[in-house]
A.B. asks: 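This is the structure, below, for whatever I ask next.
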Amino acid sequence: MSSPEDRLAELRDNLAAVRSRIAQGCAAAGRSEGEITLIAVTKFFPVSDAALLAQLGVTDLGESRDQDASVKSAELAALTGVAVRWHFIGRLQTNKARSVARYADLVHSVDRQGLADALEDGARRAGRQALDVLVQLSLDPQPGAESGPTARGGGAADELLRLADRVAASDVLRLAGIMAIAPLGGDPDEAFGHLAEVAQRLRESHPAAVIVSAGMSEDLEAALRHGATHVRIGTALLGRREPQFR
Ligand SMILES: *Cc1c(COP(=O)(O)O)cnc(C)c1O
């Protein structure tokens with residue numbers, strides 16, 4: 001275990017390196033850094049790391065499991081009082097949606113109508129006026145291998161746009177954009193190029209749906225080339241760590 005001072009220094013270095021990759025990636029793509037939101041993915045890491053990141057000015061944090069996220073969001077608020085935005089980025093079971101709707105500021109992984117319905121119900125029960133969500137496009141070439149409308153073809157895009165229409169019709173959910181994960185071992189430029197086309201189609205029918213959540217530690221430059229507005233960075237910021245199961 002490193003001391004909090006060592007860990008803070010490590011996170012500060014990693015953050016500087018990631019910010020510099022974002023700056024260079026934006027410059028190469030002719031984009032402005034100010035367009036990009038960096039989400040630090042704190043999954044598998046303790047709330048103390050989330051607090052240090054908040055101290056370093058990272059105010060967007062991502063989690064992929066409700067069990068961890070619900071605890072950390074409450075603990076961090078108690079620890080620091082710093083207002084951070086919580087991004088729920090993982091595959092979400094319908095029976096966890098009510099919990100997520102209590103603390104999430106943006107749910108990235110809405111991949112089916114049943115989940116949208118459950119989040120809407122949860123947001124209402126939590127007394128929220130609105131809950132921002134993204135629809136998740138599956139970029140996985142193997143049907144059924146991942147969440148979201150399967151298959152790379154037009155079918156997945158059409159299905160996603162239908163889901164988006166239904167989300168947009170909700171009086172509680174706010175359709176804020178689109179999210180995708182590049183398939184493991186595939187070409188991220190091809191995957192994110194396809195995402196950019198679908199994001200464009202989404203904006204044609206829903207002009208306010210401007211968020212494009214794409215890019216992780218390995219492929220953030222490719223995501224920036226294809227219009228990502230939100231990058232989700234875990235390993236490059238926090239290091240490698242085995243999943244800890246409670
Ligand atoms: C874990 C995770 C990330 C972060 O991935 P790294 O490769 O560690 O940067 C981003 N997005 C999702 C959906 C994740 O589950």
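Ligands are counted one by one from 1 in listed order, and the atoms in each one are counted from 1 as well.
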A.B. asks: Determine, stepwise, if the pair Asp158 / Arg162 fulfils salt bridge (Lys or Arg N to Asp or Glu O under 4.0 Å).
C.D. replies: CA-CA 6 Å; Asp158 291 343; Arg162 272 196 297 278; 5.6 Å; no
A.B. asks: Check whether Val133 and Val172 end up in the same hydrophobic cluster, where Ile, Leu, Val, Met, Phe, Trp and Tyr are linked by side-chain heavy atoms less than 4.5 Å apart.
C.D. replies: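 Val133 and Val172: separate clusters.
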A.B. asks: Sequence neighbours left out, what passes salt bridge (charged side-chain N to carboxylate O under 4.0 Å, His left out) with Asp105? Give chain and number order.
C.D. replies: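 Per chain and number, Asp105 pairs via salt bridge (charged side-chain N to carboxylate O under 4.0 Å, His left out) with no residue.
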A.B. asks: Under a 3.5 Å threshold, I'd like every N/O contact between ligand 1 and protein atoms, with atom names and distance.
C.D. replies:
| residue | atom | partner | partner atom | Å |
| --- | --- | --- | --- | --- |
| ligand 1 | 8 (O) | Thr235 | N | 2.8 |
| ligand 1 | 8 (O) | Thr235 | OG1 | 2.6 |
| ligand 1 | 9 (O) | Ser217 | N | 3.0 |
| ligand 1 | 9 (O) | Ser217 | OG | 2.5 |
| ligand 1 | 9 (O) | Gly234 | N | 2.8 |
| ligand 1 | 11 (N) | Arg232 | NE | 2.9 |
| ligand 1 | 15 (O) | Lys43 | NZ | 2.7 |

A.B. asks: Spell out, yes or no, whether Leu238 and Val82 are grouped together once hydrophobic residues are joined by side-chain heavy atoms under 4.5 Å, including indirect joins.
C.D. replies: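 Linked within one cluster.
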A.B. asks: Taking Val167 as the starting point, is it possible to reach Val198 by hopping between hydrophobic residues whose side chains are less than 4.5 Å apart?
C.D. replies: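 Shared cluster, yes.
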A.B. asks: Flag yes if more than 12 heavy atoms outside Gln200 fall under 6.0 Å of its CD atom; otherwise flag no.
C.D. replies: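 Counting other residues, nucleotides and ligands, CD of Gln200 exceeds 12 neighbours.
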